[in-house]
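Encoded as structure tokens, the structure appears first; notes follow it.
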Amino acid sequence: MKSDRTYPIYKVNKKAEASLVGGHPWVYENDILAFPESEPENGTLADVVSTKGAYLGTGFVSLKSKIRVRLISRNANDTFDASFWRRRVEYAWAYRKTVLEPDDLSACRVIFGEADQFPGLTVDRFNNILVTQTLSVGMEKLKPLLFPLLVEVLRADGQTIDGIYERNDEALRAKEGLGQNKGWFELPGETHPASTQTEICENGVYYHVDFENGQKTGFFLDQKYNRRAVARLAAGHTVLDCFTHTGSFALNAASGGAARVTAADISADAIAMAQRNAARNGLTNMDFLCEDTFELLPRLEKEGHPYDFIILDPPAFTKARRTVENAMRGYKEINYRAMKLLPRGGYLATASCSHFATEELFIKMLRSAAKDAHRQLRQIEVRQQAPDHPILWGVPETNYLKFFLFQVI
């Protein structure tokens, strides 16, 4: 490590050292052995060193959080100026251009937090708008420098970006000592669009996106290729899409040639959005049902409705380790009911977007549900989130989406 460094220094224990060397970027307060003599300003940079003083990395300090430092670099020669952050943005965009098809770049995740070395920052692109969510104080302080760079880099590549909208209406910000807000980020010398709605095209399907009021940043992009997998199998089938939200899986199934698709959701607003998207795509082989899936599936089983393809893409049933057991019971209930409802030869697409419902737990649940339902599952595909949501080995928090496609035999 350079001897002329001026950043405050946190010395960490062996446990934290092993985690950092293994690739994880977080330093927890409880793992710090020695703090700087004078407390650094919240959201500024600090170095992290081992018990022997070896340099482990540099990151943003968060004085309010149990995660005291979030690393942004492990290179002691880095200088954290505008050029550094421009290179980071260029690197993230070049990665998307490599792993995504050209048509997918107009609706994709541009920055995925720690997986792109922007801790606590999400940036989604919806056509001409970038929608951001900032969950760390370090990234919050960096916005005046970083956000204009985001626009510059994409425009330099020929992309049309008309504005940045912030969706910081997220309770997790309180853990960083940040308040909630949402609204346009004021780019220097520019005016933002009047509307907080836009349209995207994914897999040839058009969606209306309300990025001011929609869930998360306005639309879930992580199931892009999983929806395509469903469309590929849907031709001629009668499909039930539970937890349809904006209708994304249902729309892909319908456009894939399904005989009939029912899109179901407990939210009347979600059903209205799904209906709007169906009309936009000229899809007439769809119907809609506003009902709780936990009540719908048992009712359909009793009535004997002839669905031979069921899609289960629920919201996260757990966002904390302490509620995992209850969540797995919920996952089992809907999967068991779907398996009971499906005829032999039918298809089941089932997903979980909870990091805490690990793949191991999810598979165990599916095996148990299949056993109780007296069904045998033939695995067709196992997938994760789309590659614009990259999984960073050593950081399990980046690996959250599970998606299984089965045939019941």
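- A donor-acceptor contact under 3.5 angstrom links the side chains of D287 and T262, judged on distance only.
- T196 and E212 are linked by a side-chain donor-acceptor pair at a separation below 3.5 angstrom, with hydrogens and angles left out of the test.
- Counted by atom type alone, N128 and T198 present one or more donor-acceptor pairs between their side chains at under 3.5 Å.
- A salt bridge links E101 to R228: at least one charged side-chain nitrogen sits closer than 4.0 Å to a carboxylate oxygen.
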**Request:** Go through the steps to decide whether D169 and R167 satisfy the test side-chain contact (heavy atoms from CB on, under 4.5 Å), and finish with yes or no.
**Result:** CA-CA 6 Å; D169 49 337; R167 282 296 302 271; 3.0 Å; yes
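- Heavy atoms only, all atoms of each residue included: Y225 and A386 are closest at CD1-CB, 4.3 Å.
- No side-chain donor-acceptor contact under 3.5 Å links T217 and Q133.
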**Message:** The test is side-chain contact (heavy atoms from CB on, under 4.5 Å); show your working for L401 and H389 and say whether it passes.
**Reply:** CA-CA 10 Å; L401 182 63; H389 297 63; over 6 Å; no
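- One N or O on the side chain of H355 and one on the backbone of P396 form a donor-acceptor pair closer than 3.5 Å.
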**Item:** Worked verdict on E295 versus R299 for side-chain contact (heavy atoms from CB on, under 4.5 Å)
**Value:** CA-CA 6 Å; E295 298 175 359; R299 178 175 69 78; over 6 Å; no
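- The neighbour count for E303 CD, taken as heavy atoms of other residues, nucleotides or ligands under 6.0 Å away, is above 12.
- Q159 and W93 are not linked by any side-chain donor-acceptor pair at a separation below 3.5 angstrom, with hydrogens and angles left out of the test.
- Defined by atom type and a distance below 3.5 Å, a donor-acceptor pair is present between the side-chain atoms of D308 and T238.
- Between the side chains of S255 and N252, no donor-acceptor pair is found at a separation under 3.5 Å.
- In this structure, the separation between NZ on K141 and CG on L178 is 9.5 Å, given to the nearest 0.5 Å.
- The aromatic rings of F185 and F147 lie perpendicular to each other, with more than 60° between the two planes, well past the 30° mark.
- Within 6.0 Å of CD in Q379 there are more than 12 heavy atoms belonging to other residues, nucleotides or ligands.
- Just one of D47, D78, T58 meets the side-chain hydrogen bond (donor to acceptor under 3.5 Å, both in side chains) condition when paired with S73; it is D78.
- Here the OG1-CG distance, from T44 to L63, works out to 7.5 Å after rounding to the nearest 0.5 Å.
- Side-chain atoms of Y91 and D116 include no donor-acceptor pair closer than 3.5 Å.
- Under a 3.5 Å cut-off, the side chain of K332 and the backbone N or O of A327 do not form any donor-acceptor pair.
- Smallest separation of non-hydrogen atoms from R74 and V21: NH1-N, 4.4 Å.
- Counting only N and O atoms by type, the side chains of K11 and S50 include no donor and acceptor under 3.5 Å apart.
- With E170 contributing its side chain and L172 its backbone, the two residues share a donor-acceptor pair below 3.5 Å.
- Here the CG atom belonging to L221 is positioned 11.5 Å from the CZ atom belonging to F112, to the nearest 0.5 angstrom.
- The residues R109 and D124 are annotated as salt-bridged, a charged nitrogen and a carboxylate oxygen being separated by less than 4.0 angstrom.
- Judged by distance alone, with hydrogens and angles left aside, the side-chain atoms of K371 form no donor-acceptor pair with the main-chain N or O of Q376 at under 3.5 Å.
- Rounding to the nearest 0.5 angstrom, the gap separating the CG atom in L348 from the CG atom in L405 is 8.0 Å.
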**Message:** Determine whether K224 and Q385 satisfy the following criterion, side-chain contact (heavy atoms from CB on, under 4.5 Å), listing intermediate values before the conclusion.
**Reply:** CA-CA 8 Å; K224 183 193 308 280; Q385 58 253 33; over 6 Å; no
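- Salt bridge annotation for E190-R155: present, with a cationic side-chain nitrogen under 4.0 angstrom from a carboxylate oxygen.
- Among I111, L154, D162, the single residue meeting the side chain to side chain contact (heavy atoms under 4.5 Å, CB included) criterion with L130 is L154.
- Scanning all heavy atoms of the two residues, the minimum distance from P390 to A115 falls at O-CB, 3.3 Å.
- Heavy-atom neighbours of K182 NZ from other residues, nucleotides or ligands within 6.0 Å: above the threshold of 12.
- To the nearest 0.5 Å, the span separating CG on L296 from CG on L289 amounts to 5.5 Å.
- Sparse packing is recorded around CZ of R367, with 12 or fewer heavy atoms of other residues, nucleotides or ligands lying under 6.0 Å away.
- Ion pairing between a basic and an acidic side chain is recognised when a charged N comes within 4.0 Å of a carboxylate O; R232 and E381 show such pairing.
- Between the side chains of N285 and R260, not a single donor N or O lies within less than 3.5 Å of an accepting N or O.
- Residues V49 and L56 form no side-chain contact, since every pair of their non-hydrogen atoms from C-beta on lies 4.5 Å or further apart.
- The ring of F406 has its center closer than 6.0 angstrom to the ring center of F404.
- Using modelled atom types, one finds no donor on one side chain facing an acceptor on the other under 3.5 Å when comparing S248 with Y207.
- Ring planes of F211 and W184: perpendicular class, angle over 60° (limits at 30 and 60°).
- Between L45 and V61, the closest side-chain pair of non-hydrogen atoms is not below 4.5 Å.
- Taking the ring centre of F60 as origin, the terminal cationic atom of R70 falls outside the region bounded by 6.0 Å and 45° from the ring axis.
- N127 places a side-chain N or O within donor-acceptor distance of the main-chain N or O of E199, the cut-off being under 3.5 Å.
- Looking at S136, its side chain does come within 3.5 Å of a backbone N or O of P119 through a donor-acceptor pair.
- A donor-acceptor contact closer than 3.5 angstrom is absent between the side chains of E114 and H24.
- Within a 6.0 Å sphere centred on NZ of K216, other residues, nucleotides and ligands contribute 12 heavy atoms or fewer.
- Panel note: side chain R96, backbone D104; no donor-acceptor pair is recorded below 3.5 Å.
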**Prompt:** Could you go step by step and tell me if D265 and T244 meet the side-chain hydrogen bond (donor to acceptor under 3.5 Å, both in side chains) rule?
**Reply:** CA-CA 6 Å; D265 201 286; T244 196; over 6 Å; no
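- In terms of heavy-atom proximity, Y331 sits nearest to P315 at OH-O, 4.2 Å.
- With rounding to the nearest 0.5 Å, the separation of CG in N226 from CG in D313 is 8.5 Å.
- Aromatic ring centroids of F80 and W85 lie 6.0 Å or more apart.
- Nearest heavy-atom pair across Y55 and A76 is CE2-N, 3.5 Å.
- The number of heavy atoms from other shown groups lying within 6.0 Å of CZ (F294) is above 12.
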**Asked** When you look at E176 and S62, which way does the side-chain hydrogen bond (donor to acceptor under 3.5 Å, both in side chains) test go after all the steps?
**Response** CA-CA 7 Å; E176 295 284 305; S62 180; 2.9 Å; yes
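- Considering only heavy atoms from C-beta on, Y347 comes within 4.5 Å of L233 through its side chain.
- A donor-acceptor pair under 3.5 Å links the side-chain atoms of R173 to the main chain of T134, judged by distance alone.
- Of the possible donor and acceptor atoms, one in the side chain of T358 sits under 3.5 Å from a partner among the backbone N and O of L361.
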